[in-house]
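Step one of this worksheet: look at the structure below.
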Amino acid sequence: MATAHAAAGAAARRRPAVLGDLLPGALARDAALVAAAAALTGLAAQVAVPLPGTPVPVTGQTFAVLLAGAALGFGRAALGMLVYLLAGIAGVPWFTDGDSGTGSPTLGYVIGFVVAAAVVGRLAQRGGDRTPARTVATMLAGTAIMYAAGVPYLMASLHVGLGKAIDLGTTPFLAGDALKVLLAAGLLPAAWKLTGAARRR
């Protein structure tokens, strides 16, 4: 019985918690994944479409953050977004439209990226990206966290009330965010199925 429990424990330790665990190596892999998450988010920030009447553009950042969280797990995803945030504040021009520093009214969203990636990563480690329904719930949680950080920062930066900040920084993006969530709900469970099929061969 003890041998069976030990074997089961060893199998659980070998089972990948998130997609990033499928890659070989340990320290070098983790460092590369953290750097890649930061760089991917910076690249996605340059895919920006300005909207009339709001300083908040439509970008690919939020999708990158959600995917990084699900693929890398709690620690690596959070660290990747922290690197992105701190490097951007320090002067790396990889915020939206090549911006950097602390002057943007949208910096609150970037601060929210760190927490959102961590929460999505933790949920993914618990199986939150293995089925479409679970993935939708996981992505909605991450998206809500980004808004929870971004909207108050927008209020303070622009000196507007909560209703106005929501009109500027939330309402115009709900349809696009729904599309991102649905896309993730299709991609992530499919990726798990593909990797499972490949591991059985």
Side-chain angles (χ1 to χ4, degrees), residues 18 20 30-51 53-124 138-160 162 164-181 183-184:
V18 291
D30 291 346
L33 289 173
V34 166
L40 175 64
T41 307
L43 183 63
Q46 309 317 307
V47 182
V49 179
L51 295 180
T54 174
V56 185
V58 174
T59 75
Q61 283 174 296
T62 54
F63 192 56
V65 172
L66 295 173
L67 288 183
L72 304 188
F74 173 82
R76 290 173 299 205
L79 187 55
M81 293 307 109
L82 187 62
V83 168
Y84 175 66
L85 170 65
L86 295 180
I89 289 175
V92 176
W94 59 3
F95 290 162
T96 302
D97 292 331
D99 196 11
S100 63
T102 59
S104 173
T106 62
L107 184 64
Y109 295 97
V110 182
I111 295 170
F113 291 172
V114 180
V115 182
V119 170
V120 169
R122 179 63 75 200
L123 292 173
T138 297
M139 298 298 126
L140 287 176
T143 301
I145 290 168
M146 289 185 243
Y147 282 127
V151 170
Y153 196 96
L154 200 63
M155 290 173 59
S157 298
L158 301 180
H159 307 290
V160 298
L162 177 60
K164 182 63 173 178
I166 290 174
D167 287 341
L168 294 174
T170 300
T171 306
F173 308 98
L174 293 178
D177 287 336
L179 182 60
K180 294 172 188 177
V181 167
L183 184 59

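Only heavy atoms go into these numbers, but all of them, side chains included; no hydrogens, no water, no symmetry mates. Note that the structure is predicted; figures quoted are calculated from it, not measured.
The minimum heavy-atom distance between Met139 and Leu66, with the atom names listed, is SD-CB, 3.5 Å. Nearest heavy-atom pair, Ala77 versus Ala68, reported as atom, atom and distance to 0.1 Å: CB-O, 3.7 Å. Closest approach of Ala141 to Leu123, counting heavy atoms only: CB-CD1, 4.2 Å. In plain terms, the two heavy atoms of Ala116 and Val65 that are nearest each other are CB-CG1, 4.5 Å. Annotation for Trp94 and Val83: closest pair CZ2-O, 4.0 Å, computed over non-hydrogen atoms. The two residues Ala64 and Ala44 come nearest to each other via the heavy atoms CB-CB, 4.0 Å.
Judged as a ring-ring contact (aromatic ring centres under 6.0 Å, His included), and not counting sequence neighbours, Tyr109 has no contacts.
Pairs engaging residues 111-124 under the side-chain hydrogen bond (donor to acceptor under 3.5 Å, both in side chains) rule: Arg122-Gln125 [sequence neighbours left out]. Residue pairs meeting the side-chain hydrogen bond (donor to acceptor under 3.5 Å, both in side chains) criterion with at least one member in residues 95-107, sequence neighbours excluded: Gln61-Thr96, Ser104-Thr106.
No side-chain heavy atom of Leu51 sits under 4.5 Å from any side-chain heavy atom of Val56. Two residues are said to be in side-chain contact when any heavy atoms from C-beta on lie closer than 4.5 Å; Pro50 and Val58 fail this criterion. By the 4.5 Å heavy-atom criterion applied to side chains, Leu158 and Pro105 are counted as neighbours. The shortest distance between side-chain heavy atoms of Val151 and Thr170 falls below 4.5 Å. Thr143 places none of its side-chain heavy atoms less than 4.5 Å from the side chain of Thr62.
A distance of 9.5 Å separates CG in Leu79 from CG in Leu86, rounded to the nearest 0.5 Å. With values rounded to the nearest 0.5 angstrom, Lys180 atom NZ is found 10.5 Å from Leu183 atom CG. One distance of note links CZ of Phe113 with CG of Leu85; it measures 9.5 Å at 0.5 Å rounding. How far CG of Leu33 is from CG of Leu40: 11.5 Å, rounded to the nearest 0.5 Å.
The aromatic ring centres of Phe95 and Tyr84 sit less than 6.0 Å apart.
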